[in-house]
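Following: one structure in structure tokens, then a few remarks.
Lettering follows sequence order; numbering is per chain, from 1. Just the heavy atoms: all of them, side chains too, but no hydrogens, waters or symmetry mates, feed the values below.
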Amino acid sequence: MAGIELLSDQGYRLDGRKATELRKVQARLGVFAQADGSAYLEQGNTKVLAVVYGPHEMRGSRSRTLHDRAVINCQYSMATFSTAERKRRPHGDRKSTEMSLHLKQTFEAAVMTQLFPRSQIDIYVKILQSDGGNYSVCVNAATLAVIDAGIPMRDYVCACTVGFVDETPLADLCYAEESGGVSSLALALLPRGGQIALVQMDARLHQDHLEALIEAATTACKGVSKVLDEVVRQHLQEASVLTGED
Amino acid sequence: SMAVDMRLPTVKKTMTLSAPAVYRKDLVVPGDVITSDTGFMRGHGTYVDDDKLTASVAGKVQRVDKLICVRPLKTRFNGEVGDVVVGRITEVQQKRWKVDTNSRLDSVLLLSSVNLPGGELRRRSAEDELTMRKYIQEGDLISAEVQSVFSDGALSLHTRSLKYGKLGQGVLVQISPSLIKRQKTHFHNLPCGASIILGNNGFVWLYPTLGQQDEEAGGFYTSLEPVSLPDREVISRLRNCLLALAAQKVLLYDTSVLYCYESSLQHQVKDILKPEVMEEIVMLTQQKLLAQEG
């Protein structure tokens, strides 16, 4: 295979992880006071801020109002300093627009929008540092922000990016792996029921390998959901100690 | 030279009174099954999935008889008839104003639900519809009461009392609606020299205590007299106290605000926002509240 060796003979990856190992996830809820919900999440070296406003009255184009459910409005952006090379994207680019659309589809599958007819929910995510799996990390951060805002969801939505190298699925790709010519797949999952909210794959992959790859992605998503669950329960516990309600 | 106060970000230390080894059962997260027993009714914050009553928000489970609800830590304002609200006008439409009250949908203030200048029994003419902006326009703040709730959850407001109407000079503080304590009255003239409106929707209005109001103005008169420096200082101090109480999740009502104000007097107004000062004065406030209760 051309390029760098992504999986050593001993079964280790570039950053020393095993094939199914996730990167370290750290997260915090309620980082902003003014927003309805907010969260900060680090997954390895990918760092993301997510902010949620709403549900609130439709602002801007009123014609998009839905009379049976809420409209979800997602905006994905990358900080100028988030990549190795500084890049200003004042009005976003095609990639960000596509990403925003994917996020919107993901959260429409999980948020109970039918409870809020004629209103709007805004989800803003910003990549502060980009090191692979941008879509997945944004989904994970936005899930926490939506929970912080007290907006009803069927379940968490957890996402993970997996790749396929040397007949082996690799979980939670970093930038070096993503750009190393790996066939990668991003999966967003409602972990408890196992329903898939979104699958995205741009690369070529033999049909026989797809099932194994989805299986690996599902396992990885469930791993992420355990970490998020821990973060949310910890946050609940702390907040309810402060309010002193028993 | 000017002294500049700088500090590094620190991770908030958690205040645990007793470290629980296991998570409390009454705290749930989205997707948690509350009960598989089909004899219960599904309330807010829950849904039925596969005959199991499941939580859809992160919060505390509350059971009233056969009804199970989950109350999240933070939400938008869920108004009820009789609630006092402070809101900002977002739009002037025909015969009505739209008001942002931190609800899921903007509230409505009908032209027929306000007292126009000229007394209680004045008829509303077509001319009144055209001059609605003269009374209240976009960006103005008002205090009002919830008159009714529409089927989609939007609120209808009224200002048919002298205490409600357009707000003049003062400071708006926005905090979580869950921190406002429900009381008989939400209007207070505090003995420290300022007045406060504790809106049920989490919008709190601080303003200088005014003299007798002119009944003929119908709640649209706003004084533009300059506010004296001592009054402005009192209002600023109260604002910072409100933020301190909210940061420590203390319920807001006249007594807690007043005690916090008294506890803060040994500090300069700007120092109240320092985390350690906040913690100190809120602790003093809580002690005073406990002493008063016991």
Tell me, do Asp100(B) and Glu57(A) make a side-chain contact under 4.5 Å, heavy atoms counted? no
Counting heavy-atom pairs closer than 4.5 Å to chain B, which one of Pro117(A), Pro55(A), Ala70(A) comes out on top? Pro55(A)
At a 4.5 Å cut-off on heavy atoms, which part of Ile121(A) comes close to chain B: side chain, backbone, both, or neither? neither
Residue among Gly150(A), Gly193(A), Pro152(A), Pro191(A) with most heavy-atom pairs under 4.5 Å to chain B: Pro152(A)
Got Val29(B) and Ile147(A) here, is their nearest side-chain heavy-atom distance under 4.5 Å? no
Check Asp49(B), Val33(B), Thr54(B), Asp32(B) against Arg192(A) for a side chain to side chain contact (heavy atoms under 4.5 Å, CB included) and give me the one that passes. Asp32(B)
Got a salt bridge between Arg118(A) and Asp106(B), using NZ or NE/NH1/NH2 to carboxylate O under 4.0 Å? no
Heavy-atom distances under 4.5 Å only: say whether Met112(A) touches chain B with side chain, backbone, both or neither. side chain
Looking at Arg76(B), His44(B), Gln174(B), which makes the most heavy-atom pairs under 4.5 Å with chain A? Arg76(B)
Any salt bridge (Lys or Arg N to Asp or Glu O under 4.0 Å) involving residues 85-94 of chain B? Give me the pairs, sequence neighbours left out, ordered by first then second residue. Arg62(A)-Glu91(B)
Note: vs chain A, highest number of non-hydrogen pairs under 4.5 angstrom among Val57(B), Thr46(B), Ile175(B) is Val57(B)
Under a 4.0 Å N-O cut-off, is there an ion pair linking Lys74(B) with Asp148(A)? yes
Any idea which of Val146(A), Leu115(A), Asp155(A) has the most non-hydrogen atom pairs under 4.5 angstrom with chain B? Asp155(A)
